[in-house]
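What follows is a single structure, written as C-alpha cells, with notes after it.
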Amino acid sequence: EAQVTQNPRYLITVTGKKLTVTCSQNMNHEYMSWYRQDPGLGLRQIYYSMNVEVTDKGDVPEGYKVSRKEKRNFPLILESPSPNQTSLYFCAIQGGLYEQYFGPGTRLTVT
Amino acid sequence: AQSVAQPEDQVNVAEGNPLTVKCTYSVSGNPYLFWYVQYPNRGLQFLLKYITGDNLVKGSYGFEAEFNKSQTSFHLKKPSALVSDSALYFCAVRALYNTDKLIFGTGTRLQVFP
C-alpha cells in the first residue's frame with residue numbers, strides 16, 4: 001500500500017524564518033506534488049514533480065521552493081515564510097489508475 | 001478553464017437517511033472525476049473515481065457517484081447515512097494539462113445526526 005509521510009505534522013514559526021516540510025514515499029512513484037488547503041478554497045497545487053530533477057509550478061507557487069534530488073523525497077521549502085502562508089499542506093503521489101494518495105498533512109502557522 | 005463546483009458548504013442528514021453531496025464540473029473533453037473524504041485531523045482519502053464506462057461508480061464505505069454528462073454533474077450518494085460518515089468531502093477533476101494535477105472543489109461538510 002502506498003504510504004506518504006510528512007514531517008512535521010504541526011509547525012508554528014515566525015515571519016522570515018526559513019523552514020522545510022519533508023515528504024517521503026515508499027512506492028517509487030514518479031509523480032509527486034504539494035497542495036495547500038484553505039477554508040473556502042479547497043486544495044490548490046503549489047508545485048509538482050514528474051521525476052527526479054524535474055519540477056514545475058502549480059497554481060500557487062509564490063513563496064515556495066521544492067527539490068527532487070531522489071525519487072522518494074520531495075521537500076517543500078519556505079525561504080521566508082509570511083503569515084499568508086499559514087495553511088494546511090499536503091504532499092501527494094500519483095498511484096496507478098489516476099488516483100492520488102495524500103500524506104497526513106502539515107499544519108503550518110506563521111506569526 | 002477547468003473547474004469544479006460544490007454548491008453546498010454543508011449538508012445535514014439524519015442517520016439512516018439517504019445522502020447526496022453535489023458536484024458539477026466544467027471541462028473540455030472527457031472528464032476524469034474523483035471524490036475524496038477528509039476526516040478531522042486526517043489527510044484526504046480516495047473514495048471513488050469516474051474515468052469511463054458505467055455512469056454509476058461504486059466506491060469505498062458504501063458510497064457511489066453518478067456521472068451525468070448532460071448535466072455535467074458527479075454527485076456523491078449513499079443509500080443510508082452513518083454518523084461516522086460525518087466529514088469534509090471534496091470533488092476533483094483531473095486537469096488536461098499537467099495531466100496529474102487535481103482541481104478541487106471547495107469542499108462540502110457532511111453532518112450526519114443520530
Side-chain angles (χ1 to χ4, degrees), chain A residues 1-10 21 23-25 27 29-51 54-61 66 68 74 87-107, chain B residues 1-10 21-27 30-53 57 59-60 63 65 74 87-109:
Chain A
E1 181 183 312
Q3 269 201 315
V4 182
T5 57
Q6 293 178 228
N7 282 292
R9 294 288 312 279
Y10 301 92
V21 184
C23 172
S24 182
Q25 54 140 330
M27 293 294 286
H29 291 284
E30 293 180 344
Y31 185 95
M32 299 182 74
S33 64
W34 277 101
Y35 292 85
R36 61 177 287 174
Q37 180 182 355
D38 300 290
L41 296 176
L43 281 83
R44 295 174 292 168
Q45 191 185 58
I46 303 170
Y47 267 95
Y48 67 97
S49 170
M50 303 290 279
N51 212 328
V54 181
T55 64
D56 208 346
K57 298 176 181 178
D59 294 322
V60 288
V66 292
R68 189 88 181 273
F74 188 46
S87 188
L88 180 57
Y89 292 86
F90 290 103
C91 181
I93 61 174
Q94 172 81 13
L97 303 178
Y98 310 114
E99 301 99 81
Q100 293 199 12
Y101 298 98
F102 289 80
T106 295
R107 187 168 294 280
Chain B
Q2 294 172 277
S3 65
V4 171
Q6 294 182 245
E8 302 155 316
D9 290 335
Q10 181 152 330
V21 183
K22 296 179 181 177
C23 172
T24 59
Y25 64 89
S26 174
V27 301
N30 295 320
Y32 291 5
L33 294 158
F34 304 82
W35 276 101
Y36 285 82
V37 60
Q38 184 178 31
Y39 297 103
N41 300 315
R42 302 279 296 276
L44 274 75
Q45 297 179 33
F46 169 77
L47 272 181
L48 51 79
K49 68 176 182 250
Y50 173 82
I51 305 298
T52 186
V57 179
S60 306
F63 283 93
F74 189 56
L88 187 57
Y89 290 81
F90 289 97
C91 183
V93 65
R94 187 173 183 244
L96 292 178
Y97 56 93
N98 175 2
T99 55
D100 292 319
K101 181 175 81 170
L102 292 178
I103 298 169
F104 283 86
T106 52
T108 298
R109 187 164 299 281

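To find a chain, count down the sequence lines: A is the first, B the second, and so on, and within it residues start at 1.
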Counting only heavy atoms closer than 4.5 Å, note whether A:Tyr89 contacts chain B via side chain, backbone, both or neither. neither

Verify the neighbour count for atom CZ of B:Arg109: are there more than 12 heavy atoms of other residues, nucleotides or ligands below 6.0 Å? no

Okay, A:Arg9 and chain B: the region with an atom under 4.5 Å from a heavy atom over there is side chain

Under 4.5 Å to a heavy atom of chain A? For B:Gln45 that would be neither

Taking B:Arg42, B:Gln6, B:Lys49 one by one, which has the highest count of heavy-atom pairs under 4.5 Å against chain A? B:Lys49

Decide if atom CG of B:Asn30 counts as having more than 12 heavy atoms of other residues, nucleotides or ligands within a radius under 6.0 Å. no

Ring centroid separation B:Tyr89 to B:Phe63 under 6.0 Å: yes

Among A:Gly103, A:Pro104, A:Gly105, single out the residue with the greatest number of heavy-atom pairs under 4.5 Å to chain B. A:Pro104

Name the orientation class of the two ring planes belonging to A:Tyr48 and A:Tyr31 (parallel below 30°, tilted from 30 to 60°, perpendicular beyond 60°). parallel

Honestly, the part of A:Gln37 sitting under 4.5 Å from a heavy atom of chain B is side chain

What I want to check is whether the side chains of B:Thr108 and B:Glu8 have a donor and an acceptor closer together than 3.5 Å. no

Measure up the A:Phe102 and B:Tyr36 rings against each other and bin them: parallel (under 30°), tilted (30 to 60°), perpendicular (over 60°). perpendicular

Please state whether the side chain, the backbone, both or neither of A:Leu41 comes within less than 4.5 Å of a heavy atom of chain B. backbone

